[in-house]
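To start, the structure under review is shown below, and the notes come after it.
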Number of protein chains: 4
Amino acid sequence: MTGTGTGTRAARGRPRSAAADRAIVEAVLRLLERGVGIDALSMEGIAREAGVGKATVYRRWPGKDALLLDVMRTLEEPPAEVRGTSVRDDLVEVLERLRQRGLAKRNSALLRTVTSHFRSHPRLWREYHDTVIRARRELLHSVLRRGMASGEIRADLDVELLGDLFVGPMLARAMLHDEGELPGGLAERIVDGVLEGARPRK
Amino acid sequence: MTGTGTGTRAARGRPRSAAADRAIVEAVLRLLERGVGIDALSMEGIAREAGVGKATVYRRWPGKDALLLDVMRTLEEPPAEVRGTSVRDDLVEVLERLRQRGLAKRNSALLRTVTSHFRSHPRLWREYHDTVIRARRELLHSVLRRGMASGEIRADLDVELLGDLFVGPMLARAMLHDEGELPGGLAERIVDGVLEGARPRK
Amino acid sequence: MTGTGTGTRAARGRPRSAAADRAIVEAVLRLLERGVGIDALSMEGIAREAGVGKATVYRRWPGKDALLLDVMRTLEEPPAEVRGTSVRDDLVEVLERLRQRGLAKRNSALLRTVTSHFRSHPRLWREYHDTVIRARRELLHSVLRRGMASGEIRADLDVELLGDLFVGPMLARAMLHDEGELPGGLAERIVDGVLEGARPRK
Amino acid sequence: MTGTGTGTRAARGRPRSAAADRAIVEAVLRLLERGVGIDALSMEGIAREAGVGKATVYRRWPGKDALLLDVMRTLEEPPAEVRGTSVRDDLVEVLERLRQRGLAKRNSALLRTVTSHFRSHPRLWREYHDTVIRARRELLHSVLRRGMASGEIRADLDVELLGDLFVGPMLARAMLHDEGELPGGLAERIVDGVLEGARPRK
DNA sequence: CGTTAAGCGAGACGGTACGTCCTGTCTTCAT
DNA sequence: ATGAAGACAGGACGTACCGTCTCGCTTAACG
């Protein structure tokens, strides 16, 4: 995952410095938080900020994008299992985590900025999608399938479609609108809205 | 809209060449379609491709981002009014347009790429949001309000939230997943899904 | 001769700055005089000292050696004709100039340093030899030929060999020994020594 | 002389490998013969070529120049005594050795290249001068002094000057001109030329 | 005969320079 | 004043060496 690698290397020569590893990742986060902007973020500047030679960075990552990818992955914790009292509560939990993620101190603008950067670079995106997004998707789908089995969720709709019905609105808030658009209670409102439907019942 | 400006300038000396305007915008599109990538796209390269001096580009736009913004706006047509036989059909129409936009020849990857680039640059994003996205949003909201008045749409939900319930799923498809994820009939499926709700009726 | 070139260029675009030309050459001399040493002399450092972008240097010279070559040529004046009262005096004059050159303020160590650097780079040497050294050699040979015609110089020896008999000793002083080995009157002593021969006459 | 040192070291721990010594010196010669050029000759490259760690080189020599100095000294044999039938023959012998040295297989360009490199580095030069050149100079002077005593050489000239009269022309050939300028018989022609003088006798 | 200190190849470390490319400004001549 | 051309100072790119350092061995002399 991180640049130094944890495999069973032959371990000849001086081993890579874990301190340098940390210094570099921290430098990137510090610069991003300082509002440096994704493309004013230079390898040169990162090395300088980390107090590290350029070669030390390039020895670990082939370029800025690979480094950013790794930095982002350190910010994403793997999604823990959810198993509440009802499928409705589980759905709220899943969406609430998404909301928290979009608000967290370090993340807010930073996460949005970098994620968007990935989205505009197909190779980067695939990498990010396959490691981070897919896992969250699977979790949601498992919750939905449970609901379909228990009768809490309509069984006549595609799971994929259902998943997007729940995730999409939260994404729209985070992507299309601006900061401060993710108020508390949003997760409940979305889940209940989608569950009940937009057409009046009876 | 374009760099040349349409105000009441004094117009002394040689007037700006409209041909240069077009050459530059076309050069940008040509390069993007050629898959050049948003940051390999240099002002230097654009001028070269357009057969134009660098100063000629800078005279019209202050930088790459402003130029890109203008280029994108030429690709977006303003949303025409919708007024079908039912609110449900209008909603389908609105979402179908979004889908088409994500598929159109020139646009597909290009539009997604550039849009994502904007999203990771707050100032750019505000600009783009205020001119392009807000208009589409207003259109959707007007349809929803009509539905709430006629009783086709629940009146006890926030219009903003309702809007995101419909737009979000299409966005999720376009943003989170990959090409070829926007099949025909998707608009209907989303609209009907959201209208009916994910919980079984009765 | 200098980097900017004086040919009949098409003269399109902004012309090269003569000030930059001068700034660069002066910077090199300043650094060398400061005792920077031929290989601590970096293009980066030259540009910095000259207050000039690196590209501005590379636009004029392809590398450090070509630049040094040009700098040295600005220090060498073309050898003026000599025509004294006797061939003996002309020979003294030619050697005296060599001695002066090895002493001149800016030159002393500098000239020796750079010349030796050239000598250890075959391509550089050929260039330097063909432009600077050959001219001096021709001058000496013409003096000698005049002497052979007038009977002041033996006609049974090769002109090339004769030339080296006179130049060699001065070179040996300058090359093999150290500073302060080029005292006044040295030219006369060498010329007279070679003219009379090392074997006692009679 | 060589890097390993012969002093009375405490000699604790593993002694330095003589094989490494040789490997390094040979690597330098191999690279130079391969035409690598004095400044493309990197410590990194030398260690690589010698199949040796960089530290092993630095343990023996403080830098490239000290290493080169040692390498050159291994190529120079100390000048043997000369004692021919006449001083004239001894002078020819001394100069002939110089000529041979400038021609020898390994040496030719290599020796010229490295020597010139030394000349452009004052500290290096003093070192080289004091160990290699001074010895040759002393030999020549002793021959000349013998000649002055026997009447074969004028006694009214400075020995230093006389020495340069003989050595200089050979040096001029080797330094100023190019390869192939040191033909057989050159030593005799120089010695006889200087002995007889450039002015016609009688 | 086991300890032990220095040597060894390998290669990471913080730096500096390389030569190229792009940025945004400027200066030239021609329209 | 605008146009194409291109020079300008500045700065990042990714690579290569510098001279130092840390690894896990190996190797011989000493105790």
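Just so we're on the same page: letters track the sequence lines, and every chain starts at 1. Values below: all heavy atoms of this structure, side chains included; hydrogens, waters and symmetry mates excluded.
Closest approach of D:Leu69 to D:Tyr128, counting heavy atoms only: CD1-CB, 4.0 Å. Scanning both residues, B:Ser116 and A:Arg119, for their nearest heavy atoms gives OG-CG, 2.9 Å.
Looking at B:Val28 and B:Leu67, their side chains come closer than 4.5 Å, going by heavy atoms from C-beta outward. The side-chain heavy atoms of C:Leu75 and C:Leu29, taken from C-beta on, include a pair separated by under 4.5 Å.
Taking only side-chain nitrogens and oxygens, C:Arg59 never comes nearer than 4.0 Å to OP1 or OP2 of E:dC21. In this model, the phosphate group of F:dG3 is not approached by any side-chain N or O of C:Arg12 to a distance below 4.0 Å at OP1 or OP2. Within the structure, a side-chain polar atom (N or O) of D:Arg16 is placed less than 4.0 Å from OP1 or OP2 of E:dG7. The phosphate of F:dA9 has OP1 or OP2 within less than 4.0 Å of a side-chain N or O from C:Thr56.
Sorted by residue number, the members of residues 36-52 of chain C with any non-hydrogen atom under 4.0 Å from DNA chain F read C:Gly51, C:Val52.
Along DNA chain E, the nucleotide closest to C:Lys64 and the one closest to A:Gly53 are compared, and the more 5′ of them pairs with A:Gly53.
Out of F:dC23, F:dG14, F:dT27, the shortest distance to the side chain of A:Tyr58 is found at F:dG14. Here the side chain of D:Arg14 is nearest to one of F:dT27, E:dA10, E:dG15, namely F:dT27. Listed nucleotides: E:dT23, E:dC8, F:dA12. Nearest to the side chain of C:Lys54: F:dA12.
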Worksheet item: For D:His117 and D:Asp39, what are the C-alpha separation, side-chain angles and deciding distance, and is it a side chain to side chain donor-acceptor pair (under 3.5 Å)?
Response: CA-CA 9 Å; D:His117 173 72; D:Asp39 31 46; over 6 Å; no
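Using a cutoff of 4.0 Å between basic side-chain nitrogens and carboxylate oxygens, D:Lys64 and D:Glu44 are not scored as salt-bridged.
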